[in-house]
Novice: 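Got a structure for you, questions after.
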Amino acid sequence: MNKDKISSQEIIDLVAAKASVSKRAAEEFLKVMIGTIEEALLAGELVKIKNFGTFKLQWNEPRKSVNVQTGEEIIIAGYNKVSFAPDTLLKDLVNEPFAHLEPVELDSENNAVETQKPDEISDPLRIFTEQASEIKSLISEINALSTKSDKKELEEEVFVIENELVYEIQEEEVVDDSDDLIIVDEEFELLNKTEQESVEIPIEESFSEPETVIDSLSPQPVEPEIVHTEQSEIQIADKEDSEQIAHSESEIPSTSFTNETVTLNKKKKLLWIPILFILLLGSGFGLYYFYPPAHKLADKSFHKSKKYIVNLKENVSLTDMFNAVSNWINPQPKPIPAPETVVVPKDTTLSDSLYVKQPVDSLQVLFDNLRVYKEFIASERIKSGSRLTLMARRYYGSKDFWVYIYEANKEKIPNPDQIAKGTLIRIPKLDARLIDVSNPRCLTKAKELHDLYVK
Amino acid sequence: MNHKELIAAMATKMNAPKSMVSDLLEITIKTCTEQLVDEKTIGFQSFGNFEVRKKEERLSVHPATQIRTLVPPKLVVNFKQSNILKDKLKDIPHHE
């Protein structure tokens with residue numbers, strides 16, 4: 001901690017240098033500033049300075065305490081204390097070195113962080129395969145609900161769809177095998193029958209075929225399906241099936257299914273196409289999931305590695321971020337003041353005001369500029385009973401304009417309410433626009449000045 | 001009184017145009033801010049001191065949810081009034 005104490009003199013010097021004013025002027029300004037703030041506080045008001053903070057009085061109730069030396073109880077009287085609440089901008093600027101830190105929740109935070117990461121990074125294809133298996137289970141559930149005959153066809157469809165997802169070649173084979181149509185139909189009908197003999201014959205005929213087709217159907221995910229479907233086949237066919245038939249039937253389904261897909265294509269197009277469509281959509285989604293997360297992951301890991309490195313450059317950019325944010329929240333003029341070459345009318349404060357947009361015209365200029373009274377139209381001597389307001393009414397037309405007479409004779413009038421008898425008051429010549437009785441702005445300005453002087 | 005009123009009051013006191021007063025005020029504030037950012041203490045005679053204090057990090061528990069939070073350390077601006085000002089404040093009539 002730098003325990004450097006800077007006196008107000010140093011501030012004055014810095015301000016004088018920056019504002020290009022004389023040191024005396026800067027000193028006077030600072031004195032007036034502190035004085036004004038004090039006066040306002042002593043009057044019980046709070047003082048708010050933009051981009052700096054607010055001063056206000058804090059009342060502390062009287063409380064009991066003990067005299068440390070004698071041990072007797074005493075009461076500490078209630079008192080007012082000046083408190084200062086810094087503005088957001090000031091707060092942020094001062095807190096720069098620690099700006100990058102955030103409050104952190106303990107206990108729950110550790111768990112959350114750990115579980116997120118491994119899921120997303122490992123096994124991108126897992127999402128894809130997970131979806132595929134979900135779809136499988138969904139369809140098998142649908143199968144369970146539907147009727148027996150439909151079941152067979154759907155199972156065959158599942159089998160076909162599985163093939164489509166992973167092995168496209170087989171589809172072609174299936175489509176090409178148009179010769180088997182006739183045999184297939186027979187097999188289909190025969191499978192329904194429970195008689196052993198009729199079953200045996202076509203089995204023998206088609207025996208040659210299954211072997212060729214089975215070879216192409218080598219991959220593993222297919223076989224579990226075959227096992228699944230063959231079990232259902234066995235259920236559909238009667239319980240009298242011999243081992244031979246069961247065995248042969250295990251081989252038949254493979255061909256029959258692939259062949260029957262052709263018939264299915266022709267018979268049940270309506271069911272097959274929407275399911276295919278849904279699966280294509282699903283695979284599309286899976287692909288979408290796969291690519292963007294890879295990008296997000298790359299970014300996440302990048303950010304995390306930077307998090308704990310105290311990087312000066314980063315801090316600067318964060319300051320800029322804060323400035324940008326605070327600027328967005330409190331729209332304000334730029335922090336670094338360059339004394340602007342103002343072509344705009346002189347009174348910038350009023351034009352910047354958020355409350356009242358006053359037309360800045362020549363009249364406003366008259367209001368705001370220092371009024372210097374050089375020419376006088378008359379003079380009056382104060383007698384008992386004479387008042388500035390009466391004089392104002394006589395010379396200007398409204399008693400509210402007494403303030404201008406007061407201003408012109410300020411050095412002679414310490415207190416506008418009480419003027420010494422015999423004082424010579426000179427009535428200044430005023431611009432006609434300033435004391436226009438019919439203009440409400442003139443009247444309000446005069447009243448403003450009245451409030452200011454008669455506080 | 002707000003920023004605008006402060007400027008108006010100062011302008012009439014100093015017999016200076018408001019724009020000038022406004023600029024001077026802005027520059028003064030800016031200068032003070034810069035000094036505070038440098039962790040310097042600014043002292044105004046008979047008024048008070050502005051200093052920068054460090055608040056250490058701490059564990060705070062949310063009373064309702066009982067979630068423990070680690071609040072990071074930070075630097076804050078502190079104002080301490082001078083005794084002269086304190087005495088002046090005693091004089092004003094208090095009505096509460």
Side-chain angles (χ1 to χ4, degrees), chain A residues 1-8 11 14-15 18-19 21 28-30 32-34 36 38 40 42 44-45 47-52 57 59 78-84 86 90-91 93-98 101-108 335 337 339 346-349 353 368-370 452, chain B residues 1-4 6-10 12-19 21-33 35-45 47-50 52 54 59 67-79 81 85-86 88-90 92 94 96:
Chain A
M1 253 199 228
N2 310 345
K3 274 291 178 181
D4 286 348
K5 186 152 181 197
I6 292 191
S7 67
S8 50
I11 300 284
L14 285 165
V15 169
K18 232 181 187 179
V21 294
E28 198 201 322
F29 172 76
L30 195 81
V32 165
M33 184 176 92
I34 298 295
T36 320
E38 254 190 61
L42 286 169
E45 292 179 18
V47 180
K48 181 168 179 222
I49 304 181
K50 225 160 101 166
N51 299 336
F52 194 62
L57 286 184
W59 168 251
Y79 60 97
N80 277 315
K81 184 175 165 176
V82 173
S83 85
F84 173 70
L90 180 63
K91 265 196 249 180
L93 284 172
V94 168
N95 199 34
E96 240 339 279
F98 292 108
L101 298 174
E102 294 272 332
V104 154
E105 270 185 18
L106 302 180
D107 304 328
S108 55
K346 288 179 189 177
D347 190 7
T348 51
T349 51
S353 131
D368 296 325
N369 276 345
L370 283 183
L452 194 56
Chain B
M1 57 159 79
N2 62 15
H3 198 247
K4 204 169 67 140
L6 181 67
I7 289 173
M10 284 203 276
T12 46
K13 244 191 182 168
M14 285 174 65
N15 271 336
K18 279 189 192 167
S19 53
V21 169
S22 163
D23 287 339
L24 271 176
L25 183 66
E26 205 180 315
I27 290 174
T28 314
I29 300 301
K30 193 80 186 57
T31 315
C32 286
T33 311
Q35 293 305 313
L36 286 171
V37 167
D38 277 340
E39 287 194 41
K40 303 250 191 306
T41 310
I42 309 176
F44 294 104
Q45 275 288 27
F47 188 64
N49 295 339
F50 291 92
V52 176
K54 179 175 181 196
L59 262 182
I67 298 175
R68 302 194 318 156
T69 307
L70 189 69
V71 180
K74 66 177 171 183
L75 295 168
V76 294
V77 171
N78 215 42
F79 173 72
Q81 64 185 2
L85 184 60
K86 190 168 85 161
K88 280 192 202 166
L89 286 171
K90 282 185 182 167
I92 58 174
H94 166 248
E96 248 168 312

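Numbered from 1 within each chain, the chains take letters A, B, ... in sequence-line order.
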Novice: Do A:Glu96 and B:Val37 have side-chain heavy atoms sitting under 4.5 Å apart?
Specialist: no

Novice: Quick one: list whatever passes side chain to side chain donor-acceptor pair (under 3.5 Å) with A:Lys48, sequence neighbours left out.
Specialist: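 Checked A:Lys48 against side chain to side chain donor-acceptor pair (under 3.5 Å); zero matches.
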
Novice: Specify the closest pair of heavy atoms between B:Met1 and A:Ala40, including all atoms of both residues, with the distance to one decimal.
Specialist: CE-CB, 3.7 Å

Novice: Any idea which heavy atoms bring A:Leu42 and B:Leu89 closest together, and the distance?
Specialist: CD2-CD2, 3.9 Å

Novice: Give, for atom CG of B:Asn2 and atom CD of A:Glu45, the distance between the pair rounded to the nearest 0.5 Å.
Specialist: 10.0 Å

Novice: Holding to ring pair (Phe, Tyr, Trp, His ring centres under 6.0 Å), I want the full list of residues that pass it with A:Phe29, two or more places apart in sequence or in another chain.
Specialist: none

Novice: Against chain A, work out which of B:Val76, B:Thr12, B:Asn78 has the most heavy-atom pairs shorter than 4.5 Å and name it.
Specialist: B:Thr12

Novice: Relative to chain A, which segment of B:Leu25 carries a heavy atom at a distance below 4.5 Å: side chain, backbone, both, or neither?
Specialist: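 Both parts, heavy atoms under 4.5 Å.
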
Novice: Heavy-atom distance under 4.5 Å to chain A: side chain of B:Ile42, backbone, both or neither?
Specialist: both

Novice: Do B:Leu24 and A:Met33 touch side chain to side chain, with heavy atoms closer than 4.5 Å?
Specialist: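 Result no, sub-4.5 Å side-chain heavy-atom pair not found.
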
Novice: Examine whether an atom of B:Asn49 lies under 4.5 Å from a heavy atom of chain A, and if so say whether it belongs to the side chain, the backbone or both; otherwise answer neither.
Specialist: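 Side chain only.
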
Novice: So how far is it from B:Lys54 NZ to A:Phe98 CZ, rounded to the nearest 0.5 Å?
Specialist: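 Separation between the atoms: 4.0 Å.
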
Novice: Go through the atoms of B:Lys88 and report whether side chain, backbone, both or neither lie under 4.5 Å from a heavy atom of chain A.
Specialist: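 It is both, since atoms from each part get that close.
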
Novice: How about NZ on B:Lys74, more than 12 heavy atoms from neighbouring residues, nucleotides or ligands closer than 6.0 Å, or not?
Specialist: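 Check fails, neighbour count at 12 or below.
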
Novice: Look up atom CD1 in A:Ile49 and atom CD1 in B:Ile7, then write down how far apart they are to the nearest 0.5 Å.
Specialist: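 The distance works out to 9.5 Å.
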
Novice: Once rounded to the nearest 0.5 Å, what's the spacing between atom NZ of B:Lys40 and atom CD1 of A:Ile6?
Specialist: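 Taking NZ in B:Lys40 and CD1 in A:Ile6, the distance rounds to 5.5 Å.
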
Novice: Can you tell me how far CG of A:Leu57 sits from CD of B:Gln81, rounded to the nearest 0.5 angstrom?
Specialist: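 It is 9.0 Å, given to the nearest 0.5 Å.
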
Novice: Please name the pair of heavy atoms, one in B:Leu36 and one in A:Val94, separated by the smallest distance, quoted to 0.1 Å.
Specialist: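 B:Leu36 and A:Val94 have their closest heavy atoms at CB-CG2, 4.3 Å.
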
Novice: Measuring from A:Leu93:CG to B:Thr33:OG1, what's the distance to the nearest 0.5 Å?
Specialist: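 One finds 7.0 Å between CG of A:Leu93 and OG1 of B:Thr33.
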
Novice: Ignoring hydrogens, what is the shortest heavy-atom contact between A:Pro86 and B:Val77? Give both atom names and the distance.
Specialist: CG-O, 4.1 Å

